[in-house]
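The analysis underlying the following values was restricted to heavy atoms, covering all of them including side chains, and did not include hydrogens, waters or symmetry mates. Lettering follows sequence order; numbering is per chain, from 1.
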Amino acid sequence: MNNYLISISIRNLARQKRRNFFLGLAIAIGMMILVISNAFTNGISDVMFNRIMRWVTGHVTISFNEKGNIRREVCRDRERMISAIMESDGETVSEIDESIGTFAKAIGNGSADNIILVAVDLSKSVDAKKLKETEESFKMVEGSFYDLKRTDIENAAILSEEKARYLNVRKNDVIRLRFRNIYGQDQAARLTVTGIMKNSNIFMQPVVFSEMSNVRHVMGFRPWETGNINVVLKNPKKDAVALADRIHEKLTPGRAIIYGTLAYAGNSTPVAVTGYRSDNESLAKLAGILEPSGNSEIKKDGAFISAKLAKRMGINSGSRVLVNYPNKFEEKSSVFPIKITGTFNGDINDNLIIVNEADFYNAYYDNLPRVSPENTAPAFSLAETHPLSALLATEWILLKRTANTDELKKKYQDMGKQKWKATLVDVRTMYESASDILKLEGVLNIITFSAVLVLFFIILIGVINTLRMTIKERTREIGTIRAIGMQKSDVRAIFILESFFLTLISCLAGIALAFITMRLLSLVHFEMQDNPMGMLLIQNHLHFMPSSGGIVFNLLLILLMAVATAYFPARRAAGLSPANALRHYE
Amino acid sequence: MNIIEIKGLKKDYPLGATVVNALRGIDLAVEEGELMSIVGPSGSGKTTLLNVIGCIDHATEGSVQIGGREITALNDREITGIRLHKIGFIFQTFNLIPVLDVRENVEFPLLLMKKYSGAELHKRADKLIEEVGLKEFTKHRPAELSGGQRQRVAIARALVTNPDIVLADEPTANLDSVTGASILELMKEMNRVEKTTFIFSTHDANVLQYAKRIVKIKDGLTVQ
Ligand SMILES: Nc1ncnc2c1ncn2[C@@H]1O[C@H](COP(=O)(O)OP(=O)(O)OP(=O)(O)O)[C@@H](O)[C@H]1O
Ligand SMILES: [Mg+2]
């Protein structure tokens, strides 16, 4: 090893203490800013992805709006959704949360306020680590987190200090709630305050927590139903979009058909029932395809039976028929009463009844039919290209994927105009649910990048200038060592090593400074309860997350910059003719 | 045997639009073990001649052989190798490396040779430091030495590699006459003990008494 080169270059550094000190200081401060802004960006991103997003929307969300109603977030077939997620890429999934909750009016002791009732899953199926994390996120002032499990009181609930003060309730008091259940009916329930907590970020303020089974019960969920589904990923930034796209593909809806038995006037026969789109445009198209007989007209609230079937069963316009069908999730049948408004001649299917979508989906979503048509009716199928295909009911309507919040908002506005009767299913990622928050990360990355740039210029100008002066001052010395017999490459190495060590020492000092500064900054207590920036704090303190990989990367990058910058002046120094260098006179 | 053989050596320096003819056709042969002095007025070309012999400057024209090897066509790496292994330099302004102490300065050329162990380095350096009478000063940095002491360090450094030729360009010009005399005495002694060829330039007549042979140079030409 050329130890003596290293030794000489380090000793040379000590020769111009003042000059090197100032350049070193500049590099150290630059490095400090770089490390801090990096750790801060990491911290923010950790807060956003692993603390906020995780609780608020998950990293990928499948949302359901039944009958296009934004308040009715109901999924009627939980298992199907979960298997769609797992089949898409179960490997990347850390957990699947069911988001169940509702807006409600809460009445406390003499005052009322709006709240959001949110279910917390404390059942055995949730793993211990997650439960621990959940518990830790509840900063209890009064009562214990696990009191939510209590069954000796009615609907144990935890709420924030602010809400408790506003509603004028204490531990063990009862809050009365008014809200709409998943069937759209107004409902009342009682909650018993079992704990009061400090809210750690502004999202928590209006939230009242109760155990999952309580909330499911008061909202009317049956075991196979759920609300929106939030997927938490192991590596959200990497996998969220790809997973959402795959889930979206998997959730292409099939045709919504009820296979059952038609009963009329003592006779019965297998039948398939489906719905038709009831907007004016679709109605006009339907009239052409169905060829309704006699004076029957296709209307928004109609129900049409194939003319052949009507004739066979003696059914006329105005007849009330019953369709009995087996349920998907329970060993029982449901009855779908239909008032026939006309018959159709179109050659589609002889055992078909087509009902307006409002009535159809009411029956269909209340009790999903068993899909297999065995022993009931011959399967009803229709080519995709058939003109009727686009006019008949599907299991749900899958909204297009979007890339950001603006697109998502626009999508929902457009959908609002359509007055769909089917459930709208949307698959989205945090980039759409919360792109505004996530934009912050981009801004912070720009700040970090600027720090790198500034540092780069400090190094560029500082190192070049310092080396220029140094080389000028040491021209005769360069001549001497060349005359004595040092090779060009070694002379070059000495100058490069000098810049390298100056930068290395400065960077290490900068890193140390950065850690001291971060330590001090995280001791500062911020009161930002009402400021949205407050959500980026953790328990009112700044959150820094330095990554050793990032620091090493930055260090190497800067050293590389320094060496690259020093290379050219060093090469010039090494290239001096020894005779000229020796003659050099200041 | 001739350690140095120079034939028809010319050296031009471009100076703006004109050319300075510093050496204008020098023929010179130096025998091994000589103690030779080059004298001449200021600007006559002494430094230029020493630089060419010392392989730190190249000839414009003519032939220069060092130890029987023609050096005018060698590349920088080879030339540098010759300087390191065959030639020692003593400068008018001493030119020690300020960040190294006496012993490190003397060891420096040996380090560049990359063939000695630490112990060998110290042994060789210490022997020479003792010979130049600086045993007590091994840990001193150049700034902590007098001019004469610095020049002794330079002599030790020039001799440490056991070179064939030591070149000294006005080695006493920056010293008072007594110190200068002792330096020349030392060189004379080294020449006797080590059998190294010494060539020094001077324009000081007093210095000449130390030389076994004197070459006079004027306007880039030797004069007899
Ligand atoms: N780099 C150079 N560029 C142009 N001319 C030069 C250069 N170096 C030397 N000269 C010229 O070459 C001539 C010889 O110079 P040199 O330094 O060899 O003289 P010298 O005999 O050593 O003088 P002194 O006794 O003053 O040191 C002088 O006229 C000088 O001006
Ligand atoms: Mg001279």
Side-chain angles (χ1 to χ4, degrees), chain A residues 1-20 466 469-495 497-499 501-502 570-586, chain B residues 11 13-14 22 47-59 75-101 104-114 116 118 121 141-143 154 157-158 160-161 163 166-167 169:
Chain A
M1 217 354 240
N2 291 327
N3 275 333
Y4 75 100
L5 291 180
I6 293 173
S7 153
I8 288 176
S9 49
I10 289 179
R11 288 190 212 186
N12 277 338
L13 266 185
R15 282 163 80 177
Q16 280 98 22
K17 291 205 182 68
R18 238 178 109 83
R19 183 195 303 161
N20 286 329
T466 302
M469 295 205 294
T470 306
I471 289 166
K472 203 167 167 208
E473 285 165 5
R474 291 201 215 140
T475 302
R476 257 188 330 145
E477 199 176 314
I478 295 168
T480 308
I481 55 179
R482 289 281 286 135
I484 289 173
M486 184 181 272
Q487 293 289 355
K488 269 184 186 178
S489 53
D490 285 356
V491 176
R492 196 174 58 209
I494 285 182
F495 285 98
L497 282 171
E498 240 179 274
S499 301
F501 283 113
L502 176 63
R571 195 180 68 163
R572 203 167 52 85
L576 287 176
S577 129
N580 287 340
L582 280 168
R583 267 185 215 272
H584 181 84
Y585 205 79
E586 295 280 322
Chain B
K11 174 73 187 174
Y13 291 112
T47 301
T48 306
L49 179 59
L50 285 179
N51 283 352
V52 173
I53 297 172
C55 303
I56 58 177
D57 213 346
H58 47 263
N75 67 23
D76 185 77
R77 183 157 277 276
E78 292 164 323
I79 286 269
T80 307
I82 289 180
R83 287 202 297 268
L84 177 60
H85 293 98
K86 304 257 188 263
I87 295 166
F89 283 96
I90 298 166
F91 304 93
Q92 179 182 346
T93 46
F94 323 130
N95 293 14
L96 300 177
I97 298 171
V99 293
L100 304 180
D101 66 23
E104 288 165 336
N105 261 291
V106 176
E107 285 173 359
F108 191 70
L110 294 178
L111 266 173
L112 295 178
M113 290 174 128
K114 297 172 187 169
Y116 294 104
L121 285 180
R141 292 248 176 135
R157 178 177 69 183
V160 77
T161 56
V166 172
L167 302 171
D169 190 11

Under 4.5 Å from any heavy atom of chain B, what part of A:Arg482 do you find: side chain, backbone, both or neither?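 Contact with chain B: backbone and side chain both.
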For B:Thr161, is it the side chain, the backbone, both or neither that has a heavy atom under 4.5 Å from a heavy atom of chain A?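 Contact with chain A is absent: no heavy atom of B:Thr161 under 4.5 Å.
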Counting only non-hydrogen atoms closer than 4.5 Å, does B:Asn51 touch chain A with its backbone (N, CA, C, O), its side chain (CB onward), both, or neither?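 Side chain only.
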Please determine, among A:Pro578, A:Ala14, A:Ala483, the option with the most heavy-atom pairs under 4.5 Å with chain B. A:Ala483
How far apart are the closest heavy atoms of B:Cys55 and B:Ile82, and which atoms are they? SG-CG2, 3.9 Å
A:Arg11 versus chain B, the contacting section by heavy-atom distance below 4.5 Å: both
Taking every non-hydrogen pair under 4.5 Å, which of A:Leu582, A:Ile8, A:Ile481, A:Ile484 racks up the most with chain B?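 Most pairs with chain B among the choices: A:Ile484.
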Between B:Leu100 and chain A, with a heavy-atom cut-off of 4.5 Å, which part of the residue counts as in contact: side chain, backbone, both or neither?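 The answer is both parts of B:Leu100.
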Can you tell me if NE2 on B:His85 sees more than 12 non-hydrogen neighbours from other groups inside 6.0 Å?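 Correct, the count exceeds 12.
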d(B:Asp76 CG, A:Ser489 OG) to nearest 0.5 Å is 9.5 Å
For A:Gln487, is it the side chain, the backbone, both or neither that has a heavy atom under 4.5 Å from a heavy atom of chain B?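 It is both, since atoms from each part get that close.
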Heavy-atom closest pair, residues A:Ile478 and A:Leu576: CD1-CD1, 4.2 Å
Select, from B:Met113, B:Arg157, B:His58, the one with the greatest count of heavy-atom pairs under 4.5 Å involving chain A.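 Heavy-atom pairs under 4.5 Å are most numerous for B:Arg157.
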Taking A:Asp490 first and then B:Lys114, would you say they form a salt bridge - that is, a charged N and a carboxylate O separated by under 4.0 Å?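 Yes, this pair counts.
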Salt bridge A:Glu498-A:Arg15, side-chain N to carboxylate O under 4.0 Å: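 Salt bridge absent between A:Glu498 and A:Arg15.
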Okay, B:Tyr13 and chain A: the region with an atom under 4.5 Å from a heavy atom over there is side chain
Write down the atom of A:Met486, the atom of A:Val491, and the distance for their closest heavy-atom approach. SD-CG2, 3.6 Å
